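Below: one structure, written as structure tokens.
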There are 2 protein chains.
Amino acid sequence: MKHIDKICKALGDRNRLRIIASLFLSKELCACQIHEWLGVSGATASNHLGILANAGFISSRKDGKWVHYRLNRTDPGIQSLLKWVKKNISNDTELNLELDKLKLVTDCSPIELRIRQRKEKSKTLCC
Amino acid sequence: MKHIDKICKALGDRNRLRIIASLFLSKELCACQIHEWLGVSGATASNHLGILANAGFISSRKDGKWVHYRLNRTDPGIQSLLKWVKKNISNDTELNLELDKLKLVTDCSPIELRIRQRKEKSKTLCC
DNA sequence: TTGACGTTTAGATAATCAACTAAATATAAC
DNA sequence: GTTATATTTAGTTGATTATCTAAACGTCAA
């Protein structure tokens, strides 16, 4: 719990807060689900996940090709900060609206999601 | 308490955390004391103070030429976040060492401090 | 009222950062 | 083994930001 500025900086980005908010609702999400929901490239999503992991907010579990992320529940300092975030994002109407759409990527397995993503991509490519 | 990313971003800077840490120890500090202690230009200090005030962390009181800053105790969300910061900076050894030197700018009035600052400045100019 | 001084604002610059594409890595499927 | 695929890393670019100096603003004192 040393570098507080690093920890706070990790929270100082809208997309990273969205990741944390999504992990409050879904215990575990794979990289491709987060990439899909954020609406950024896979590389960008991976970068954000790396920053959050580095600050101690999330941890990852590798399962074959897939990497699943969840909130890190070990550090008490991080834990209490996450509690603060959870309490205070409830007033963020914009974020709550976005969270409604989270279901679209959690109502199916990562495998099905990726198939859908590839379909979408080919659709935009041929038009 | 809407823009959480803005609030966290305000904490995501070492100098701004130092300002907050100093205001935990000294109930009130004037801009010139903070400028002196941070070791940055007055303009830079003023900018950081503006960001912290804009995020809701501090408030200011004008007293003639002098502007005094203190922690803002009105917003409950900000209040609990400040509590978290206070608790967790205790482990930051580097910051604690710096805070020891805070006395050098609080053991005299802003007026005396400014006289000292001008002396220091002229000393470096003529050598 | 003029000059000095504390603070803020404006403008410039270098560093940092979020985003992308492309390449690299690692794993699964054929 | 080769190919497809999920993720990360490298490299690039545009935007943001922390810092500075100079100028502007507001207040006090002579």
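Model, not experiment: these values are computed from the prediction. Residue numbering restarts at 1 for every chain, and letters A, B, ... go by the order of the sequence lines. No hydrogens, no waters, no symmetry mates; every other heavy atom, side chains included, goes into these values.
- Listed by chain and number, the residues in a side-chain hydrogen bond (donor to acceptor under 3.5 Å, both in side chains) with A/Glu28 are A/Arg61, A/Arg70 (sequence neighbours excluded).
- The distance between atom CD1 of A/Ile19 and atom P of C/dA18, rounded to the nearest whole Å, is 11 Å.
- Applying the side-chain hydrogen bond (donor to acceptor under 3.5 Å, both in side chains) criterion to B/Ser26, with sequence neighbours excluded, gives no partner residue.
- The side chain of B/Tyr69 places no N or O atom within less than 4.0 Å of a non-bridging phosphate oxygen (OP1 or OP2) of C/dG6.
- Nearest heavy atom pair, residue B/Trp37 against residue B/Glu98, reads NE1-O, 3.3 Å.
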Please tabulate, for side-chain N and O atoms in residues 42-51 of chain A, each donor-acceptor pair with protein atoms closer than 3.5 Å (sequence neighbours left out).
{"residue": "A/Thr44", "atom": "OG1", "partner": "A/Ser41", "partner atom": "OG", "Å": "3.0"}
{"residue": "A/His48", "atom": "ND1", "partner": "A/Arg16", "partner atom": "NH1", "Å": "3.1"}

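- For DNA chain D, the residues of residues 43-60 of chain A within the heavy-atom distance limit of 4.0 Å (strictly under) are A/Ala43, A/Ser46, sorted by number.
- Listed by chain and residue number, B/Thr74 satisfy the side-chain hydrogen bond (donor to acceptor under 3.5 Å, both in side chains) test with B/Asn72 (two or more places apart in sequence, or in another chain).
- Taking only side-chain nitrogens and oxygens, A/Arg16 comes nearer than 4.0 Å to OP1 or OP2 of C/dA18.
- Atom NE2 of A/His35 and atom P of D/dT9 are 17 Å apart (whole Å).
- For A/Ser60, the side chain to side chain contact (heavy atoms under 4.5 Å, CB included) criterion is met by A/Val67, A/Tyr69, not counting sequence neighbours.
- At whole-Å resolution of the value, NZ in A/Lys6 and C1' in C/dT16 are 16 Å apart.
- Between B/Ile7 and B/Phe57 there is a side-chain heavy-atom pair separated by less than 4.5 Å.
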Under the salt bridge (Lys or Arg N to Asp or Glu O under 4.0 Å) criterion, do B/Asp92 and B/Arg14 qualify, and how do the steps go?
CA-CA 11 Å; B/Asp92 194 322; B/Arg14 189 97 193 136; 3.1 Å; yes

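- Here the P atom of nucleotide D/dA18 and the CZ atom of B/Arg18 are 15 Å apart, to the nearest Å.
- Summarising the geometry, the separation between NZ on B/Lys9 and P on C/dA18 is reported as 8 Å, rounded to the nearest angstrom.
- Note on A/Ser41: a side-chain N or O is less than 4.0 Å away from OP1 or OP2 of C/dC20.
- A/Arg61 places its CZ atom 12 Å from the P atom of D/dT7, with the value rounded to the nearest Å.
- For B/Asn54, the side-chain hydrogen bond (donor to acceptor under 3.5 Å, both in side chains) partners at least two apart in sequence or on another chain are B/Lys6.
- We find that CG of B/Asp5 is positioned 12 Å from P of C/dA18, with the value rounded to whole Å.
- The side chain of A/Val67 approaches D/dT7 more closely than any other nucleotide in the set C/dT8, D/dT7, C/dT7.
- Taking atom CG on A/Leu29 and atom P on D/dA6, their separation rounds to 16 Å, with Å as the unit.
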Protein and nucleotides 25-27 of chain C: nitrogen or oxygen contacts under 3.5 angstrom:
{"residue": "C/dA26", "atom": "O3'", "partner": "A/Lys62", "partner atom": "NZ", "Å": "3.4"}

